[in-house]
Amino acid sequence: MNLFSDIKTVVLEALEALVEAGRLPAGLDYGAITVEPPRDPLHGDMASNAAMVLARAAGQKPRDLAEALAGQLRAEPAIAAVDVAGPGFLNIHLSPNKWRGILPVILQKGADFGRSEMGQNKRINIEFVSANPTGPLHVGHTRGAVFGDALAALLDFAGFQVTREYYINDGGAQVDVLARSVYLRYLEANGRAVSFEDGTYPGDYLIPVGEALKDKYGDSLVDQPESAWLAELRLFSTNAMMDLIREDLAALGVKMDVFFSEKSLYGTGKIEAALAVLKDKGLIYEGYLEPPKGKRPEDWEPRKQTLFKSTEHGDDVDRPVQKSDGSWTYFAPDIAYHYDKIARGFDGLIDVLGADHGGYEKRMKAAVRALSDARVPLDIKLTQLVRLFKNGAPFKMSKRAGTFVTLRDVVDQVGADVTRFVMLTRKNDAPLDFDFAKVLEQSRDNPVFYVQYAHARINSVLKKAAAAGIACDPAHLRGADLSEIAHASELAVLKKLAEWPRLLELAARHHEPHRVAFYLYDLASVFHGLWNKGNDLPELRFLQESYPQRSAGKMALITAVSIVISNGLGILGVTPVDEMR
RNA sequence: GCACCCGUAGCUCAGCUGGAUAGAGCGCUGCCCUCCGAAGGCAGAGGCCGCGCGUUCGAAUCGCGCCGGGUGCACCA
């Protein structure tokens, strides 16, 4: 149930009636017509631009057309009043009963209220995190993980079939570095003195891996040449790192459906097959690249390489898939990986990447467009940097020293719920300030707290109501008398609740889960406002001990708020709390 | 030099496929607890929406060109 689309349907029917009456030409394009909440509530409950959008094609003045439409709409029972304003807006006022009607629906649908058919069960693959398997996840990955997971939940709620996927970069040279670093920790576990030079990972997290290796092999690998152990250690180490990463993700409440190994693309003909597809389309050739202008590397020399003609599909320059020595660039397995996703039958692909991968966007989109003949859209969401603060002071992160701030550091200090909510209070493409002290503060400028507080307050009232003998289960409240829900502050809450299905679809369409976080903040705000109105106006208090039947309607209202908060938080992956501590 | 992202109140940021008098929090000023959780609410002050052209009935939103900040730019992923 989406009141806005309901009313839009009513508007479209009114237009058809005008066509039949010969008042409007047939065949007009209704595509641009909207029915939205007006920015200023004084303008009514809903505003439509129908008259202005159609005026030109209909050869009429917007206001004249608006008046005609208004006449039609006034006959509708759900509509209390319509007026024409400004250049030709239709301002529609719904009857309070229409608004109240949202409550039984929410109570009946419960956790499914807002769930949409928009996605039509289309299959979407969301690839996110995909951190190199060389160490624990850090704060940057955390943002990507939270964003990807929330986006997945959002699309699921909007009616898509979603697959959460992690691409393991276990094929490249960084895995050799990892294996050598683990070997050093292994020697250390066998009592050897070791030093970590440049080109190795010095982090403590490899110590247990070295010990585990010793448990498995004793000292049999000590003093052996690299050729004797490298292959085995690559596997052993990446497995250990992926276990670590899985635990990190679990601590944040993220569960992947698929872990896809880059390595599985090598030696299986998959890369060759994907490139063959591109070659058949004439998009692969041998050639030379121009040096980048303005910032010419000192050691530039022209090299003959195998190139993908990504410029055919919107990229700025063609991109190498094969190095001059014949080995693959990283781009080649990435092409094969995306080809694999297309072959698995997804209707849409989403890659969530760190902002430093911005330069990668066009070439990957070009590849997907070419490989799928433009059938499968690829959306790339870049998550900007997280700036860490502690009590307002910047918090330095130094990878060289091996002391970077990990996902675990963050989750252990502030908890998964707070981490997730805070990371979703910014658009993905805006940088995010994360202050360890501030996010735990219990005040209005902490959105996590503010939303949770609303939920806790409702729970508190419902408990008191139950103690006072008022039945508060949704099934009971569905039949409650709502006629006394009439104050402007109460209607404001109803209207905000009614926005939820519409907001959800917008957020899903734009792939923007942060809109859910901002909506919840707004909803909490109108609720807190109504709560405090009870200070001045006793009849607005939720608990009306001397009038149990009046209380029932109010219980229905706040239960509905609680349901929508739960549903929204559920998408963000945050657990609603019943009481503040 | 090129590409991508950002530029909105003193600060941090929302702003819906273009819509009416541009919003919130913090900070500042002043109010509201005999009353369901004041961990809250109400009100006030504070804006050339970076600049300029253009498209449109209508632009913070779309297009082009500038300015400022960030990121990335062959055989690293």
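Scope of the values below: all heavy atoms of this structure, side chains included, with no hydrogens, waters or symmetry mates.
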Review point. Looking at the side chain of Glu262(A), which of C4(B), C36(B), A77(B) is the nearest nucleotide?
Key: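 Shortest atom-to-atom distance from the side chain points to A77(B).
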Looking at every strand, decide which applies to [X] at a 4.0 Å heavy-atom threshold: base, sugar-phosphate, or nothing.
| X | answer |
| --- | --- |
| Ile33(A) | base |
| Phe542(A) | base |
| Glu579(A) | base |
| Arg426(A) | sugar-phosphate |
| Arg457(A) | sugar-phosphate |
| Tyr450(A) | sugar-phosphate |
| Arg515(A) | sugar-phosphate |
| Pro431(A) | sugar-phosphate |
| Arg387(A) | sugar-phosphate |

Review point. Would Asn132(A) and Thr134(A) count as a side-chain hydrogen bond (donor to acceptor under 3.5 Å, both in side chains) if you check the C-alpha gap in whole Å, the side-chain angles of each, and the deciding distance to 0.1 Å?
Key: CA-CA 5 Å; Asn132(A) 284 345; Thr134(A) 54; 5.1 Å; no
Exercise for review: For side-chain hydrogen bond (donor to acceptor under 3.5 Å, both in side chains), just list the numbers for His93(A) and Asp45(A), CA-CA rounded to whole Å, side-chain angles, deciding distance to a tenth of an Å, and then say yes or no.
Suggested key: CA-CA 5 Å; His93(A) 301 257; Asp45(A) 298 324; 4.8 Å; no
Short side-chain N/O contact from [X] to OP1 or OP2 of [N], under 4.0 Å:
| X | N | result |
| --- | --- | --- |
| Lys362(A) | C4(B) | yes |
| Trp328(A) | A77(B) | no |
| His357(A) | A77(B) | no |
| Lys263(A) | A77(B) | no |
| Lys463(A) | C36(B) | no |

For the pair made of [atom1] in [X] and [atom2] in [N], what is the distance, rounded to whole Å?
| X | N | atom1 | atom2 | value |
| --- | --- | --- | --- | --- |
| His510(A) | U61(B) | NE2 | C1' | 12 Å |
| Glu499(A) | A14(B) | CD | P | 19 Å |
| Asn535(A) | G41(B) | CG | P | 11 Å |
| Lys381(A) | U71(B) | NZ | P | 22 Å |
| Ile458(A) | G40(B) | CD1 | C1' | 14 Å |
| Leu506(A) | U17(B) | CG | C1' | 9 Å |
| Asp316(A) | C73(B) | CG | C1' | 10 Å |
| Arg143(A) | U71(B) | CZ | C1' | 14 Å |

Check your understanding: What about Phe436(A) and Phe434(A), are their ring centers closer than 6.0 Å?
Key ->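 For Phe436(A) and Phe434(A), the ring centres are under 6.0 Å apart.
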Check your understanding: Once the angle between the rings of Phe331(A) and Phe308(A) is folded into 0 to 90°, is it parallel (under 30°), tilted (30 to 60°) or perpendicular (over 60°)?
Key -> tilted
Point to revise | Heavy-atom side-chain contact between Tyr266(A) and Glu262(A) under 4.5 Å | key: yes
Check your understanding: NE2 of His455(A) to OG1 of Thr575(A): how many Å apart, nearest 0.5 Å?
Key ->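 If I round to the nearest 0.5 Å, the distance is 10.5 Å.
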Practice item. Can you check each nucleotide of nucleotides 18-28 of chain B against protein heavy atoms at under 4.0 Å and return B for base, S for sugar-phosphate only, - for none, in 5' to 3' order? Key: -BB-S-SSS--
Revision key, fill the gap. The side-chain hydrogen bond (donor to acceptor under 3.5 Å, both in side chains) partners of Tyr547(A) (sequence neighbours excluded) come to none
Review point. Could a donor-acceptor pair under 3.5 angstrom be found where the side chain of Asp356(A) meets the base of G72(B)?
Key: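 For Asp356(A), whose side chain was compared with the base of G72(B), there is no donor-acceptor pair (under 3.5 Å).
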Exercise for review: Using both distances under 3.5 Å as the test, list the Watson-Crick or G-U wobble partner of C42(B), or none.
Suggested key: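 Across all strands, the one nucleotide that pairs with C42(B) is G30(B).
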Point to revise | Assigned partner base of C64(B), Watson-Crick or wobble definition, under 3.5 Å | key: G52(B)
Review point. Do other residues, nucleotides or ligands put more than 12 heavy atoms under 6.0 Å from Lys438(A) NZ?
Key: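 No - once you tally the heavy atoms of other residues, nucleotides and ligands closer than 6.0 Å, there are 12 at most.
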Practice item. With P as the reference atom in both, quote the distance from C62(B) to A14(B) in angstrom, rounded to an integer. Key: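 It comes out at 15 Å once rounded to the nearest Å.
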**Study point:** Lys309(A) to Tyr285(A) six-membered ring, cation-pi geometry met (6.0 Å, 45°)
**Key:** yes
Practice item. Would you classify C67(B) as syn or anti? Syn applies when the glycosidic angle is within 90° of 0. Key: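 Here the answer is anti: the torsion falls beyond 90° from 0.
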